[in-house]
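The first residue in the sequence is number 1, and the count goes up from there.
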Amino acid sequence: MTQWQGVAEFVAVAETGSFTAAAARLAVSVAQVSRQISALENRLGAKLFFRSTRKVVMTENGGVYYQHCRSLMDGLDEAERAILDLQTTPRGKIKMTAPTTFGEESVMPLVNDFLLLYPELELHCDLSNQLDDLVTQGYDVAIRIGNLSDSAMMARKLAARTRFVCAAPEYLDRYGIPHSLAELEQHNCLVGASDFWRFEEGGKSRNVRVSGRIHCNSGYALVDAALKGLGVIQLPDYYVQAYLDEGRLISLLDHYREPEEGIWALFPHNRHLSPKIKLLVDFLARGFGASGTV
């Protein structure tokens, strides 16, 4: 048995928390994963997982072993990437993630244009609002909006967004224009994923609880409701800017608006930034109007 035998199976189980999910990731049978893990535990003389009918949990030994094995797997990935990068034409897989709506509206059209330029590239993209562990999940690049807190990632600013509070002229004619944050209590606020709206007052950030007849986690549905005069919304510019420009929505409480939020491309510190990822990030930056390169 070589030292590498069982390592891929061990890492897959550690990251998925399931022998079945690990087998699916590696395209092998569950029995094969189980045999490799058992052989690895016998060779090491240590138990790596606690198993039950409901879940699989790493032991303390397993946790220590995983950290070293993950580094080894990353190193192997780096070696393969380095060889691919010697090719003159960008090729191979890019795994990325972006927020759902912004990804659909703004990121993927640019990425699709990029793929037209480089037909030997393969894209795996997850559009999700979940803040996954980008390193563990193996993403090459992630698009994120707002304040950054993950020190394991390098960042490149691509653009910025602004949140607008707005309503249709018909609604404002009927119910009046709010001039203070307190007056929002008197209005039908159309609520999304959170019932707190964000503002800046006196140089400090402030969250204001709002309520209304509609609660919906779809920005498009809330925009439609606002256009039909059902209430007031707070949404990012990419939902409402066109309607503001047309006068179909009116911006409100502008003096309480928060500063712009950054839109970022993130990539791991410990992962070799291959030319294809650099090309993609630079392409996105140009598409969003940012300057400079990675």
Side-chain angles (χ1 to χ4, degrees), residues 97-108 126-134 137 142-150 157-264 266:
T97 181
T100 304
T101 301
F102 185 70
E104 291 173 339
E105 285 287 299
S106 302
V107 177
M108 283 309 300
D126 296 319
L127 297 183
S128 170
N129 295 323
Q130 300 298 315
L131 298 179
D132 296 324
D133 184 328
L134 304 177
Q137 296 297 320
I143 308 301
R144 288 291 179 259
I145 300 174
N147 296 326
L148 302 179
S149 59
D150 193 342
K157 189 174 183 179
L158 302 176
R161 75 168 187 183
T162 303
R163 292 175 184 269
F164 286 91
V165 175
C166 48
E170 295 80 4
Y171 174 89
L172 299 173
D173 289 342
R174 184 179 305 172
Y175 298 103
I177 298 175
H179 296 287
S180 70
L181 300 183
E183 290 179 56
L184 286 174
E185 293 183 2
Q186 304 165 22
H187 286 269
N188 186 39
C189 297
L190 309 179
V191 183
S194 171
D195 58 358
F196 285 94
W197 286 0
R198 291 159 47 184
F199 298 96
E200 184 173 273
E201 185 176 29
K204 296 182 179 179
S205 181
R206 180 178 171 188
N207 291 335
V208 176
R209 185 186 292 274
V210 295
S211 61
R213 292 174 56 200
I214 297 177
H215 289 67
C216 182
N217 64 352
S218 166
Y220 292 117
L222 296 179
V223 169
D224 182 71
L227 289 169
K228 292 173 179 175
L230 285 171
V232 182
I233 54 174
Q234 185 187 61
L235 285 171
D237 46 16
Y238 48 83
Y239 283 104
V240 300
Q241 189 64 63
Y243 301 114
L244 291 171
D245 293 342
E246 295 169 1
R248 297 180 63 191
L249 292 175
I250 304 299
S251 181
L252 308 169
L253 302 171
D254 291 346
H255 49 297
Y256 294 108
R257 187 183 303 147
E258 275 196 317
E260 292 181 333
E261 294 181 305
I263 298 172
W264 309 86
L266 306 181

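Residues Gly262 and Lys157 share a closest heavy-atom pair of CA-CE, 4.0 Å. Taking all atoms of both residues into account, the shortest heavy-atom contact from Ala98 to Gly103 is CB-CA, 4.2 Å. Shown here for Pro99 and Ile143, the closest heavy-atom pair between the two residues is CD-O, 3.1 Å. Shown here for Ala168 and Leu227, the closest heavy-atom pair between the two residues is CB-O, 4.0 Å. Residues Arg213 and Asn188 share a closest heavy-atom pair of N-OD1, 2.6 Å. Between Ser251 and Leu244 the shortest heavy-atom distance is N-CD2, 3.6 Å.
Remark: Glu260 CD to Arg163 CZ distance equals 13.0 Å, nearest 0.5 Å. Annotation: the span from Cys166 atom SG to Leu235 atom CG amounts to 7.0 Å, rounded to 0.5 Å. Note that CD of Gln234 and CG of Leu253 are 9.5 Å apart. Values are rounded to the nearest 0.5 Å. Distance check, rounded to the nearest 0.5 Å: CD1 of Ile263 to CD1 of Ile145 gives 5.0 Å. Atom-to-atom distance recorded for Leu222:CG and Tyr239:OH is 8.5 Å, nearest 0.5 angstrom. In this structure, CD in Glu183 is found 10.5 Å from CG in Leu252, a value given to the nearest 0.5 Å.
The pair Asp195-Arg209 counts as a salt bridge, with a side-chain nitrogen and a carboxylate oxygen less than 4.0 angstrom apart. The pair Glu261-Arg198 meets the salt-bridge criterion, with a side-chain N (NZ, NE, NH1 or NH2) lying under 4.0 Å from an Asp/Glu carboxylate O.
Within the 4.5 Å cutoff, the side chain of Tyr256 has heavy atoms near those of the Ser180 side chain. The shortest side-chain heavy-atom distance between Trp197 and Val232 falls under the 4.5 Å cut-off. Residues Val210 and Glu185 have side chains not in contact (no heavy-atom distance under 4.5 Å, counting atoms from C-beta outward). A heavy-atom distance below 4.5 Å is not found between the side chains of Leu230 and Asp224. Residues Val191 and Ile214 have side chains not in contact (no heavy-atom distance under 4.5 Å, counting atoms from C-beta outward). Looking at heavy atoms from C-beta onward, Arg206 lies in side-chain contact with Leu181 at the 4.5 angstrom threshold.
Between the side chain of Glu200 and the backbone N or O of Pro259 there is no donor-acceptor pair closer than 3.5 Å. In this structure, the side chain of Trp264 engages the main chain of Gly146 through a donor-acceptor pair within 3.5 Å.
Partners of Asp126 under the side chain to side chain contact (heavy atoms under 4.5 Å, CB included) rule, at least two apart in sequence or in another chain, are Lys95, Thr97, Tyr139. For Tyr175, the side chain to side chain contact (heavy atoms under 4.5 Å, CB included) partners at least two apart in sequence or on another chain are Tyr171, His187.
No more than 12 heavy-atom neighbours from other residues, nucleotides or ligands sit within 6.0 angstrom of OH on Tyr243.
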Discussion item. Val165 vs Phe199, test: side-chain contact (heavy atoms from CB on, under 4.5 Å). Steps then yes/no.
Written reply: CA-CA 10 Å; Val165 175; Phe199 298 96; 3.6 Å; yes

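Side-chain contact check for Tyr220 and Glu105: at least one donor-acceptor pair (N or O, by modelled atom type) lies under 3.5 Å.
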